[in-house]
Amino acid sequence: MNTLQDTMFQEIRNKEIFNLAQHYSLEYLNTIFDRNVFPTEKALENLSVFDEELPINSTNAKNVIDQLNTFGTPATTATIGGRYFGFVTGSAIPVGLAAKNLGTYWDQAPAMNVLSPIGSKLESVVEKWLVDLFNLPKKTSAGFVSGTSTANLCGLAAARYRILERNNWDINEKGLRNSPQIRIVTSKQAHSTVLKAIGILGLGKENIEWIDVDNQGRIIPESIPELDANTILVLQAGNVNSGSFDNFEIICEKAEKTNTWVHIDGAFGLWAETVNELKHLTKGIEKASSWAVDGHKTLNTPYDCGIILCKDQEAMTSALHMSGSYILKSSERDGMFYTPEMSRRARIIELWSIIKYLGKKGIDEMILAMNQRAKQFANEIEKINGFHVENEVVFNQVLVRCNSDEITEAVLHNIQMLRECWLGGSMWFGKKVMRISICSWATTESDILKAVKSFEKALELSKI
Ligand SMILES: *Cc1c(COP(=O)(O)O)cnc(C)c1O
(Lines give C-alpha, C1' and ligand atoms only; values in the text may rest on other atoms or scores of the structure.)
Protein backbone atom coordinates (compact mmCIF):
# COMPACT_ATOMS: atom_id res chain seq x y z
CA MET A 1 0.00 0.00 0.00
CA ASN A 2 1.15 3.51 -0.81
CA THR A 3 1.88 5.43 2.40
CA LEU A 4 1.70 9.22 2.57
CA GLN A 5 5.50 9.24 2.70
CA ASP A 6 5.72 7.25 -0.56
CA THR A 7 3.32 9.73 -2.14
CA MET A 8 5.47 12.69 -1.07
CA PHE A 9 8.62 11.14 -2.57
CA GLN A 10 6.60 10.56 -5.70
CA GLU A 11 5.44 14.20 -5.80
CA ILE A 12 9.05 15.37 -5.74
CA ARG A 13 10.06 12.89 -8.44
CA ASN A 14 7.27 13.50 -10.93
CA LYS A 15 7.28 17.32 -10.42
CA GLU A 16 3.62 17.57 -11.39
CA ILE A 17 2.41 19.82 -8.57
CA PHE A 18 5.46 22.06 -8.91
CA ASN A 19 4.92 22.51 -12.62
CA LEU A 20 1.26 23.17 -12.01
CA ALA A 21 1.92 25.81 -9.35
CA GLN A 22 4.56 27.39 -11.58
CA HIS A 23 2.13 27.44 -14.50
CA TYR A 24 -0.56 29.17 -12.42
CA SER A 25 1.97 31.63 -10.99
CA LEU A 26 3.20 32.73 -14.39
CA GLU A 27 -0.34 33.03 -15.71
CA TYR A 28 -1.10 35.24 -12.73
CA LEU A 29 1.87 37.50 -13.37
CA ASN A 30 1.01 37.78 -17.05
CA THR A 31 -2.44 39.17 -16.31
CA ILE A 32 -1.66 41.25 -13.23
CA PHE A 33 -1.35 44.58 -15.03
CA ASP A 34 -4.72 44.32 -16.79
CA ARG A 35 -6.99 42.67 -14.26
CA ASN A 36 -9.34 44.43 -11.88
CA VAL A 37 -7.34 45.81 -8.98
CA PHE A 38 -9.77 44.54 -6.33
CA PRO A 39 -11.62 41.17 -6.42
CA THR A 40 -15.12 41.09 -7.91
CA GLU A 41 -18.17 40.46 -5.71
CA LYS A 42 -18.39 36.96 -7.19
CA ALA A 43 -14.77 36.17 -6.29
CA LEU A 44 -15.39 37.32 -2.74
CA GLU A 45 -18.54 35.19 -2.44
CA ASN A 46 -16.67 32.16 -3.74
CA LEU A 47 -14.24 32.37 -0.82
CA SER A 48 -16.87 30.48 1.18
CA VAL A 49 -15.54 27.24 -0.38
CA PHE A 50 -12.73 27.51 2.18
CA ASP A 51 -15.22 27.28 5.06
CA GLU A 52 -14.72 23.55 5.60
CA GLU A 53 -14.50 21.38 8.67
CA LEU A 54 -11.00 20.15 9.56
CA PRO A 55 -10.13 17.56 6.91
CA ILE A 56 -9.60 14.09 8.39
CA ASN A 57 -8.24 12.35 5.31
CA SER A 58 -5.45 13.40 3.00
CA THR A 59 -6.38 15.50 -0.04
CA ASN A 60 -4.72 14.95 -3.38
CA ALA A 61 -1.88 17.51 -3.69
CA LYS A 62 -2.97 18.60 -7.16
CA ASN A 63 -6.45 19.36 -5.82
CA VAL A 64 -4.93 21.48 -3.06
CA ILE A 65 -3.07 23.60 -5.61
CA ASP A 66 -6.13 23.71 -7.88
CA GLN A 67 -8.38 24.97 -5.09
CA LEU A 68 -5.91 27.74 -4.32
CA ASN A 69 -5.74 28.77 -7.94
CA THR A 70 -9.45 28.50 -8.74
CA PHE A 71 -10.73 30.36 -5.69
CA GLY A 72 -7.65 32.07 -4.26
CA THR A 73 -6.22 33.75 -7.35
CA PRO A 74 -9.38 35.76 -8.18
CA ALA A 75 -9.65 36.90 -4.54
CA THR A 76 -6.21 38.54 -4.45
CA THR A 77 -5.67 42.29 -4.64
CA ALA A 78 -3.39 43.35 -7.51
CA THR A 79 -0.78 44.99 -5.28
CA ILE A 80 1.95 43.92 -7.70
CA GLY A 81 0.33 45.89 -10.53
CA GLY A 82 0.62 49.58 -11.33
CA ARG A 83 -2.71 50.92 -10.06
CA TYR A 84 -2.90 49.72 -6.47
CA PHE A 85 -2.51 52.92 -4.41
CA GLY A 86 -3.84 51.67 -1.07
CA PHE A 87 -1.94 51.94 2.23
CA VAL A 88 1.78 52.00 1.34
CA THR A 89 2.23 48.56 -0.14
CA GLY A 90 4.99 48.43 -2.73
CA SER A 91 5.00 46.00 -5.62
CA ALA A 92 7.44 43.12 -6.22
CA ILE A 93 10.33 43.36 -8.65
CA PRO A 94 10.41 40.35 -11.03
CA VAL A 95 13.88 39.12 -10.07
CA GLY A 96 12.81 39.26 -6.42
CA LEU A 97 9.87 36.97 -7.10
CA ALA A 98 12.10 34.58 -9.05
CA ALA A 99 14.74 34.56 -6.31
CA LYS A 100 12.09 34.04 -3.65
CA ASN A 101 10.81 31.10 -5.64
CA LEU A 102 14.26 29.49 -5.66
CA GLY A 103 14.72 30.36 -1.99
CA THR A 104 11.38 28.71 -1.22
CA TYR A 105 12.78 25.38 -2.38
CA TRP A 106 15.98 25.89 -0.38
CA ASP A 107 13.79 26.50 2.70
CA GLN A 108 16.60 28.04 4.74
CA ALA A 109 16.48 29.55 8.25
CA PRO A 110 19.50 31.82 8.81
CA ALA A 111 19.26 31.68 12.62
CA MET A 112 22.84 30.46 12.76
CA ASN A 113 25.62 30.29 10.24
CA VAL A 114 25.71 26.50 10.47
CA LEU A 115 22.01 26.34 9.76
CA SER A 116 22.37 28.28 6.49
CA PRO A 117 25.81 29.40 5.31
CA ILE A 118 24.29 31.08 2.24
CA GLY A 119 21.66 32.92 4.31
CA SER A 120 24.29 34.06 6.77
CA LYS A 121 26.64 35.22 3.99
CA LEU A 122 23.94 37.25 2.22
CA GLU A 123 22.91 38.86 5.52
CA SER A 124 26.46 40.05 6.22
CA VAL A 125 26.87 41.40 2.69
CA VAL A 126 23.53 43.21 2.58
CA GLU A 127 24.13 44.69 6.04
CA LYS A 128 27.15 46.53 4.59
CA TRP A 129 25.25 47.51 1.45
CA LEU A 130 22.43 49.04 3.50
CA VAL A 131 24.86 51.02 5.63
CA ASP A 132 26.31 52.38 2.36
CA LEU A 133 22.93 53.09 0.77
CA PHE A 134 21.59 54.98 3.79
CA ASN A 135 24.96 56.62 4.61
CA LEU A 136 24.85 55.38 8.20
CA PRO A 137 27.78 55.02 10.63
CA LYS A 138 30.11 52.18 9.61
CA LYS A 139 29.52 50.00 12.68
CA THR A 140 25.73 49.91 12.20
CA SER A 141 24.20 46.40 12.47
CA ALA A 142 21.15 45.08 10.64
CA GLY A 143 18.48 42.59 11.66
CA PHE A 144 16.19 41.12 9.01
CA VAL A 145 12.62 40.94 10.30
CA SER A 146 9.11 40.70 8.89
CA GLY A 147 8.42 44.42 8.61
CA THR A 148 8.74 47.83 10.20
CA SER A 149 6.29 46.89 12.99
CA THR A 150 8.87 44.41 14.28
CA ALA A 151 11.78 46.67 13.35
CA ASN A 152 10.30 49.49 15.47
CA LEU A 153 9.88 47.03 18.33
CA CYS A 154 13.54 45.94 18.04
CA GLY A 155 14.86 49.51 17.86
CA LEU A 156 12.91 50.56 20.94
CA ALA A 157 13.94 47.37 22.76
CA ALA A 158 17.60 48.23 22.11
CA ALA A 159 16.99 51.77 23.37
CA ARG A 160 15.29 50.45 26.50
CA TYR A 161 18.17 48.06 27.14
CA ARG A 162 20.84 50.74 26.75
CA ILE A 163 19.15 53.45 28.81
CA LEU A 164 18.50 51.07 31.71
CA GLU A 165 21.99 49.56 31.46
CA ARG A 166 23.46 53.06 31.86
CA ASN A 167 21.41 53.24 35.05
CA ASN A 168 22.96 49.94 36.21
CA TRP A 169 19.74 48.10 35.54
CA ASP A 170 19.77 44.88 33.49
CA ILE A 171 16.29 44.76 31.95
CA ASN A 172 16.67 41.12 30.94
CA GLU A 173 17.37 40.01 34.52
CA LYS A 174 15.38 42.49 36.57
CA GLY A 175 12.44 43.31 34.33
CA LEU A 176 10.51 46.56 34.50
CA ARG A 177 9.29 46.33 38.11
CA ASN A 178 10.94 49.17 40.10
CA SER A 179 13.17 50.01 37.13
CA PRO A 180 14.45 53.56 36.54
CA GLN A 181 12.06 55.73 34.50
CA ILE A 182 12.47 55.93 30.74
CA ARG A 183 10.93 58.96 29.07
CA ILE A 184 9.34 58.44 25.68
CA VAL A 185 8.87 61.44 23.40
CA THR A 186 7.25 61.30 19.99
CA SER A 187 5.17 63.12 17.42
CA LYS A 188 1.37 63.41 17.49
CA GLN A 189 1.66 61.85 14.01
CA ALA A 190 3.69 58.78 15.09
CA HIS A 191 2.64 55.61 13.26
CA SER A 192 0.35 53.24 15.16
CA THR A 193 3.05 50.53 15.12
CA VAL A 194 5.34 52.82 17.14
CA LEU A 195 2.60 53.11 19.75
CA LYS A 196 2.12 49.35 19.65
CA ALA A 197 5.84 48.79 20.31
CA ILE A 198 5.71 51.24 23.22
CA GLY A 199 2.81 49.22 24.63
CA ILE A 200 4.47 45.83 24.17
CA LEU A 201 7.70 47.04 25.77
CA GLY A 202 5.89 48.19 28.90
CA LEU A 203 6.87 51.84 28.39
CA GLY A 204 3.18 52.77 28.54
CA LYS A 205 1.33 54.86 25.98
CA GLU A 206 0.05 57.11 28.78
CA ASN A 207 3.64 58.13 29.47
CA ILE A 208 4.27 59.46 25.97
CA GLU A 209 5.24 63.13 25.83
CA TRP A 210 3.59 64.24 22.58
CA ILE A 211 5.17 66.76 20.24
CA ASP A 212 3.09 69.15 18.11
CA VAL A 213 3.27 68.97 14.32
CA ASP A 214 2.86 71.47 11.48
CA ASN A 215 0.25 71.27 8.70
CA GLN A 216 2.28 68.59 6.85
CA GLY A 217 2.53 66.39 9.93
CA ARG A 218 6.19 67.25 10.66
CA ILE A 219 7.42 67.75 14.20
CA ILE A 220 7.78 71.41 15.15
CA PRO A 221 11.35 71.34 16.54
CA GLU A 222 10.64 74.16 19.03
CA SER A 223 7.88 72.02 20.58
CA ILE A 224 10.23 69.22 21.59
CA PRO A 225 10.49 69.06 25.39
CA GLU A 226 13.83 69.25 27.21
CA LEU A 227 15.72 66.05 26.31
CA ASP A 228 18.05 63.93 28.46
CA ALA A 229 19.96 60.64 28.44
CA ASN A 230 16.99 58.69 29.83
CA THR A 231 14.80 59.62 26.88
CA ILE A 232 13.82 57.81 23.71
CA LEU A 233 12.82 60.20 20.93
CA VAL A 234 10.97 58.63 17.99
CA LEU A 235 11.04 60.49 14.67
CA GLN A 236 9.51 59.73 11.30
CA ALA A 237 10.83 59.56 7.73
CA GLY A 238 7.67 59.43 5.63
CA ASN A 239 4.35 60.28 7.26
CA VAL A 240 1.90 57.52 6.36
CA ASN A 241 -0.62 60.09 5.13
CA SER A 242 1.28 63.07 3.70
CA GLY A 243 4.67 61.40 3.15
CA SER A 244 6.38 64.27 5.02
CA PHE A 245 9.69 64.03 6.91
CA ASP A 246 10.70 65.37 10.32
CA ASN A 247 13.61 67.81 10.30
CA PHE A 248 16.33 65.34 11.30
CA GLU A 249 19.20 67.76 10.99
CA ILE A 250 17.95 70.15 13.64
CA ILE A 251 16.30 67.56 15.88
CA CYS A 252 19.10 64.97 15.89
CA GLU A 253 21.66 67.62 16.72
CA LYS A 254 19.57 68.67 19.70
CA ALA A 255 19.30 65.02 20.80
CA GLU A 256 23.00 64.31 20.30
CA LYS A 257 23.95 67.00 22.81
CA THR A 258 21.86 65.34 25.52
CA ASN A 259 22.78 61.75 24.59
CA THR A 260 19.13 60.98 23.81
CA TRP A 261 18.36 57.77 21.93
CA VAL A 262 16.76 58.72 18.60
CA HIS A 263 14.83 56.05 16.71
CA ILE A 264 13.63 56.83 13.19
CA ASP A 265 10.57 55.09 11.79
CA GLY A 266 11.44 55.21 8.10
CA ALA A 267 9.25 52.35 6.86
CA PHE A 268 8.98 53.72 3.33
CA GLY A 269 10.61 57.15 3.58
CA LEU A 270 14.14 56.21 4.63
CA TRP A 271 14.71 55.28 0.97
CA ALA A 272 14.69 59.00 0.08
CA GLU A 273 18.31 58.93 1.27
CA THR A 274 19.21 56.76 -1.76
CA VAL A 275 17.88 59.28 -4.29
CA ASN A 276 20.04 62.26 -5.24
CA GLU A 277 17.10 64.57 -5.83
CA LEU A 278 15.31 63.55 -2.62
CA LYS A 279 18.03 63.07 -0.04
CA HIS A 280 17.56 66.59 1.32
CA LEU A 281 14.50 65.04 3.01
CA THR A 282 16.60 62.66 5.11
CA LYS A 283 19.49 65.02 5.86
CA GLY A 284 20.85 64.33 9.35
CA ILE A 285 19.50 60.76 9.81
CA GLU A 286 23.02 59.43 10.44
CA LYS A 287 22.99 61.10 13.86
CA ALA A 288 20.17 58.84 15.11
CA SER A 289 20.77 55.58 17.04
CA SER A 290 18.35 53.20 15.29
CA TRP A 291 16.37 53.12 12.07
CA ALA A 292 13.44 50.94 10.98
CA VAL A 293 12.77 50.46 7.28
CA ASP A 294 10.90 48.11 4.96
CA GLY A 295 12.13 46.36 1.87
CA HIS A 296 8.58 45.43 0.87
CA LYS A 297 7.35 49.00 0.49
CA THR A 298 9.49 51.46 -1.49
CA LEU A 299 12.19 49.00 -2.56
CA ASN A 300 9.55 46.61 -3.92
CA THR A 301 10.87 43.36 -2.46
CA PRO A 302 8.16 40.70 -2.11
CA TYR A 303 6.64 40.29 1.36
CA ASP A 304 7.77 40.10 4.02
CA CYS A 305 10.90 42.14 4.43
CA GLY A 306 11.68 44.62 7.21
CA ILE A 307 15.02 45.80 8.52
CA ILE A 308 16.18 47.14 11.88
CA LEU A 309 19.43 49.08 11.72
CA CYS A 310 21.17 49.96 14.96
CA LYS A 311 24.38 51.87 15.68
CA ASP A 312 24.75 50.22 19.10
CA GLN A 313 25.28 46.55 18.23
CA GLU A 314 25.69 45.47 21.83
CA ALA A 315 22.40 47.09 22.88
CA MET A 316 20.60 45.44 19.99
CA THR A 317 21.97 41.95 20.50
CA SER A 318 21.59 42.15 24.26
CA ALA A 319 17.99 43.33 23.93
CA LEU A 320 17.09 40.57 21.49
CA HIS A 321 19.13 37.77 22.97
CA MET A 322 19.62 36.92 26.62
CA SER A 323 23.05 35.33 26.45
CA GLY A 324 24.94 38.58 26.15
CA SER A 325 27.54 39.79 23.74
CA TYR A 326 30.39 37.26 24.29
CA ILE A 327 28.81 34.70 21.95
CA LEU A 328 29.22 37.19 19.09
CA LYS A 329 32.95 36.74 19.09
CA SER A 330 32.44 34.00 16.54
CA SER A 331 33.62 35.28 13.17
CA GLU A 332 30.47 34.25 11.32
CA ARG A 333 27.11 35.94 11.42
CA ASP A 334 24.41 34.20 13.43
CA GLY A 335 21.26 36.03 12.34
CA MET A 336 19.20 35.18 15.41
CA PHE A 337 21.15 37.63 17.58
CA TYR A 338 19.69 40.51 15.59
CA THR A 339 16.02 39.50 15.59
CA PRO A 340 13.39 38.46 18.14
CA GLU A 341 12.92 35.10 16.39
CA MET A 342 15.24 32.14 16.32
CA SER A 343 13.81 30.46 13.21
CA ARG A 344 12.65 32.69 10.39
CA ARG A 345 12.70 32.38 6.63
CA ALA A 346 15.72 33.64 4.66
CA ARG A 347 14.03 36.78 3.32
CA ILE A 348 17.53 38.10 2.70
CA ILE A 349 17.55 36.11 -0.56
CA GLU A 350 15.07 38.49 -2.21
CA LEU A 351 16.57 41.58 -0.61
CA TRP A 352 20.05 40.68 -1.85
CA SER A 353 18.74 39.84 -5.34
CA ILE A 354 16.92 43.13 -5.74
CA ILE A 355 19.79 45.33 -4.56
CA LYS A 356 22.19 43.35 -6.75
CA TYR A 357 19.81 43.69 -9.70
CA LEU A 358 19.02 47.40 -9.38
CA GLY A 359 22.32 48.70 -8.11
CA LYS A 360 22.50 52.13 -6.49
CA LYS A 361 21.59 53.82 -9.78
CA GLY A 362 18.58 51.58 -10.38
CA ILE A 363 17.25 52.24 -6.88
CA ASP A 364 17.65 55.98 -7.41
CA GLU A 365 15.86 55.80 -10.78
CA MET A 366 12.96 53.66 -9.53
CA ILE A 367 12.22 55.74 -6.44
CA LEU A 368 12.56 59.07 -8.24
CA ALA A 369 10.00 57.78 -10.77
CA MET A 370 7.55 57.07 -7.92
CA ASN A 371 8.02 60.66 -6.78
CA GLN A 372 7.44 61.95 -10.32
CA ARG A 373 4.30 59.82 -10.76
CA ALA A 374 2.96 61.18 -7.46
CA LYS A 375 3.56 64.75 -8.64
CA GLN A 376 1.96 63.92 -12.00
CA PHE A 377 -1.10 62.57 -10.21
CA ALA A 378 -1.38 65.69 -8.03
CA ASN A 379 -1.08 67.97 -11.08
CA GLU A 380 -3.68 66.07 -13.10
CA ILE A 381 -6.23 65.75 -10.31
CA GLU A 382 -6.04 69.47 -9.45
CA LYS A 383 -7.11 70.26 -13.02
CA ILE A 384 -10.49 68.64 -12.33
CA ASN A 385 -13.10 70.83 -10.70
CA GLY A 386 -14.08 69.36 -7.34
CA PHE A 387 -10.76 67.76 -6.30
CA HIS A 388 -8.20 69.39 -4.01
CA VAL A 389 -4.68 68.20 -3.13
CA GLU A 390 -4.20 68.62 0.61
CA ASN A 391 -0.45 68.04 1.06
CA GLU A 392 2.90 69.08 -0.35
CA VAL A 393 3.89 66.12 -2.51
CA VAL A 394 7.47 65.71 -1.29
CA PHE A 395 7.76 61.93 -1.75
CA ASN A 396 5.15 59.42 -2.93
CA GLN A 397 1.93 60.27 -1.05
CA VAL A 398 -0.94 62.42 -2.31
CA LEU A 399 -3.94 63.40 -0.18
CA VAL A 400 -7.04 64.41 -2.13
CA ARG A 401 -10.41 65.66 -0.92
CA CYS A 402 -13.62 66.82 -2.53
CA ASN A 403 -15.82 69.78 -1.56
CA SER A 404 -17.23 68.06 1.54
CA ASP A 405 -16.59 64.95 3.64
CA GLU A 406 -19.81 63.41 2.29
CA ILE A 407 -18.72 63.84 -1.32
CA THR A 408 -15.19 62.58 -0.55
CA GLU A 409 -16.67 59.44 1.00
CA ALA A 410 -19.07 58.83 -1.89
CA VAL A 411 -16.35 59.37 -4.49
CA LEU A 412 -13.95 57.03 -2.69
CA HIS A 413 -16.67 54.38 -2.55
CA ASN A 414 -17.27 54.76 -6.29
CA ILE A 415 -13.57 54.54 -7.10
CA GLN A 416 -13.36 51.30 -5.14
CA MET A 417 -16.43 49.92 -6.92
CA LEU A 418 -15.00 50.76 -10.35
CA ARG A 419 -11.96 48.60 -9.53
CA GLU A 420 -9.73 50.39 -12.06
CA CYS A 421 -7.47 51.41 -9.22
CA TRP A 422 -7.64 50.97 -5.47
CA LEU A 423 -6.98 53.35 -2.61
CA GLY A 424 -8.23 53.92 0.89
CA GLY A 425 -9.41 56.84 2.96
CA SER A 426 -7.90 58.59 5.93
CA MET A 427 -8.43 61.61 8.16
CA TRP A 428 -6.17 64.63 7.75
CA PHE A 429 -6.54 67.39 10.33
CA GLY A 430 -10.21 66.65 10.86
CA LYS A 431 -11.13 66.20 7.20
CA LYS A 432 -11.83 63.03 5.22
CA VAL A 433 -9.24 62.46 2.51
CA MET A 434 -8.44 59.90 -0.14
CA ARG A 435 -4.90 58.64 0.24
CA ILE A 436 -2.91 57.81 -2.87
CA SER A 437 0.40 56.05 -2.39
CA ILE A 438 2.59 55.61 -5.46
CA CYS A 439 5.01 52.88 -4.57
CA SER A 440 5.13 50.36 -7.38
CA TRP A 441 7.93 50.06 -9.95
CA ALA A 442 5.16 49.20 -12.42
CA THR A 443 3.20 52.47 -12.24
CA THR A 444 3.45 54.25 -15.59
CA GLU A 445 2.34 57.70 -16.71
CA SER A 446 -0.63 56.06 -18.42
CA ASP A 447 -1.60 54.26 -15.19
CA ILE A 448 -1.79 57.69 -13.56
CA LEU A 449 -3.99 59.01 -16.37
CA LYS A 450 -6.25 55.94 -16.10
CA ALA A 451 -6.55 56.48 -12.36
CA VAL A 452 -7.37 60.17 -12.81
CA LYS A 453 -10.09 59.18 -15.31
CA SER A 454 -11.49 56.80 -12.71
CA PHE A 455 -11.57 59.62 -10.14
CA GLU A 456 -13.42 61.80 -12.64
CA LYS A 457 -15.94 59.04 -13.39
CA ALA A 458 -16.43 58.44 -9.66
CA LEU A 459 -17.12 62.13 -9.07
CA GLU A 460 -19.72 62.17 -11.87
CA LEU A 461 -21.38 59.04 -10.41
CA SER A 462 -21.62 60.72 -7.01
CA LYS A 463 -23.71 63.53 -8.53
CA ILE A 464 -26.41 61.14 -9.79
C1 LIG B 1 3.92 50.61 7.03
C2 LIG B 1 4.47 51.41 8.12
C3 LIG B 1 4.84 50.80 9.34
C4 LIG B 1 4.60 49.34 9.59
O5 LIG B 1 5.37 48.56 8.72
P6 LIG B 1 5.01 47.02 8.39
O7 LIG B 1 6.03 46.63 7.40
O8 LIG B 1 3.61 47.03 7.84
O9 LIG B 1 5.09 46.25 9.65
C10 LIG B 1 5.41 51.60 10.30
N11 LIG B 1 5.61 52.92 10.09
C12 LIG B 1 5.26 53.55 8.94
C13 LIG B 1 5.53 55.01 8.77
C14 LIG B 1 4.68 52.80 7.92
O15 LIG B 1 4.35 53.39 6.77
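In each ligand, atom 1 is the first atom listed, and ligand 1 is the first ligand listed.
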Can you tell me which residue and heavy atom of the protein come closest to atom 13 (C) of ligand 1, and the distance to 0.1 Å? Asp265 OD2, 3.5 Å

Is the ring pair Trp441/Phe33 parallel, tilted or perpendicular, if the boundaries are 30 and 60 degrees? perpendicular

Can Gly306 be said to touch ligand 1, with heavy atoms closer than 4.0 Å? no

Enter the distance from Leu399:CG to Arg435:CZ here, rounded to the nearest 0.5 Å. 8.0 Å

Regarding ligand 1, does Asn152 bring an N or O atom to under 3.5 Å of one of the ligand's N or O atoms? no

For atom 5 (O) of ligand 1, which candidate among Val145, Thr148, Val88 holds the nearest heavy atom? Thr148

What atoms in ligand 1 come closer than 4.0 Å to a heavy atom of Gly238? 13 (C)

Test the Arg35-Tyr28 pair against the cation-pi criterion, namely NZ or CZ under 6.0 angstrom from the six-membered ring centroid and within 45° of the ring axis. no

With heavy atoms of Ala267 as the reference, note each atom of ligand 1 found under 4.0 Å away. 2 (C), 3 (C), 10 (C), 11 (N), 12 (C), 13 (C), 14 (C), 15 (O)

Quick note on ligand 1: atoms under 4.0 Å from a heavy atom of Val240 include exactly 15 (O)

Checking side-chain hydrogen bond (donor to acceptor under 3.5 Å, both in side chains) for the pair Gln397/Ser242: CA distance, chi angles, key distance, verdict? CA-CA 6 Å; Gln397 303 288 111; Ser242 70; over 6 Å; no

Can you confirm whether Glu209 is buried at CD, in the sense that more than 12 heavy atoms of other residues, nucleotides or ligands lie under 6.0 Å from that atom? yes

Would you call Glu123 and Arg344 a salt bridge, taking side-chain N to carboxylate O under 4.0 Å as the test? yes

I'd like to know whether the aromatic ring centres of Tyr338 and Phe144 sit less than 6.0 Å apart in this structure. no

Counting non-hydrogen protein atoms only, what is the nearest one to atom 7 (O) of ligand 1? Give residue, atom name and distance. Asp294 OD2, 2.6 Å

For ligand 1, which atoms have a heavy atom of Phe268 less than 4.0 angstrom away? 15 (O)

For the residue pair Phe87 and Phe268, is the inter-centroid distance of their aromatic rings smaller than 6.0 Å? no

Are any of the N/O atoms on Ser146, whether in the backbone or the side chain, positioned under 3.5 angstrom from an N/O atom of ligand 1? no

Among protein heavy atoms, which sits nearest to atom 15 (O) of ligand 1, and what does the distance come to when rounded to 0.1 Å? Lys297 NZ, 2.9 Å

Looking only at protein heavy atoms, which one is nearest to atom 9 (O) of ligand 1, and what is the separation? Ser149 OG, 2.5 Å

Can you classify the ring geometry of Trp422 versus Phe38 as parallel (below 30°), tilted (30 to 60°) or perpendicular (above 60°)? parallel

Given Lys257, Lys254, Arg183, the one that forms salt bridge (charged side-chain N to carboxylate O under 4.0 Å, His left out) with Asp228: Arg183

At less than 4.0 angstrom from any non-hydrogen atom of Gly147, what atoms of ligand 1 do you find? 7 (O), 9 (O)

For ligand 1, find out whether one of its N or O atoms is nearer than 3.5 Å to an N or O atom of Gln236. no

Please identify which atoms of ligand 1 are closer than 4.0 Å to at least one heavy atom of His296. 7 (O)

